[in-house]
Amino acid sequence: MVINVYEAKTHLSRLLDRAAEGEEIVLGKAGKPLARLVPYRERRQPRVPGRLAGKIWIAPDFDDTPEDIIAAFEGDLDVVE
């Protein structure tokens, strides 16, 4: 549904409430779509790898998982017993 610019100016507050609730409103002129009124979403900052470098410690044997635990995760319960 396209909402005419004149109607949008008249009911802008109501349209803003609808957009804030998640509805996408299409604004147009003479029935031709021109713009979308969508809910505002905060832009997230891009991840910066390595931000915790030097702030956390990982044990030297972190990647050395015992075979019985690997077998349990893989569903080989015979090895676990």
In Å, rounded to the nearest 0.5 Å, how long is the span from [atom1] of [X] to [atom2] of [Y]?
{"X": "I3", "Y": "T10", "atom1": "CD1", "atom2": "OG1", "value": "11.0 Å"}
{"X": "L27", "Y": "R36", "atom1": "CG", "atom2": "CZ", "value": "11.0 Å"}
{"X": "I58", "Y": "D61", "atom1": "CD1", "atom2": "CG", "value": "11.5 Å"}

Checklist entry - Should side-chain heavy atoms under 4.5 Å link Ile, Leu, Val, Met, Phe, Trp and Tyr, which residues sit in the same cluster as V2? => result V26
Checklist entry - If you group Ile, Leu, Val, Met, Phe, Trp and Tyr by side-chain heavy-atom gaps below 4.5 Å, do L34 and L37 land in one group? => result no
Identify the heavy atoms of [X] and [Y] that sit nearest to each other, and give their distance.
{"X": "V48", "Y": "R51", "answer": "O-CG, 3.0 Å"}
{"X": "L15", "Y": "A8", "answer": "CD1-CA, 3.5 Å"}
{"X": "N4", "Y": "K29", "answer": "OD1-CA, 4.4 Å"}

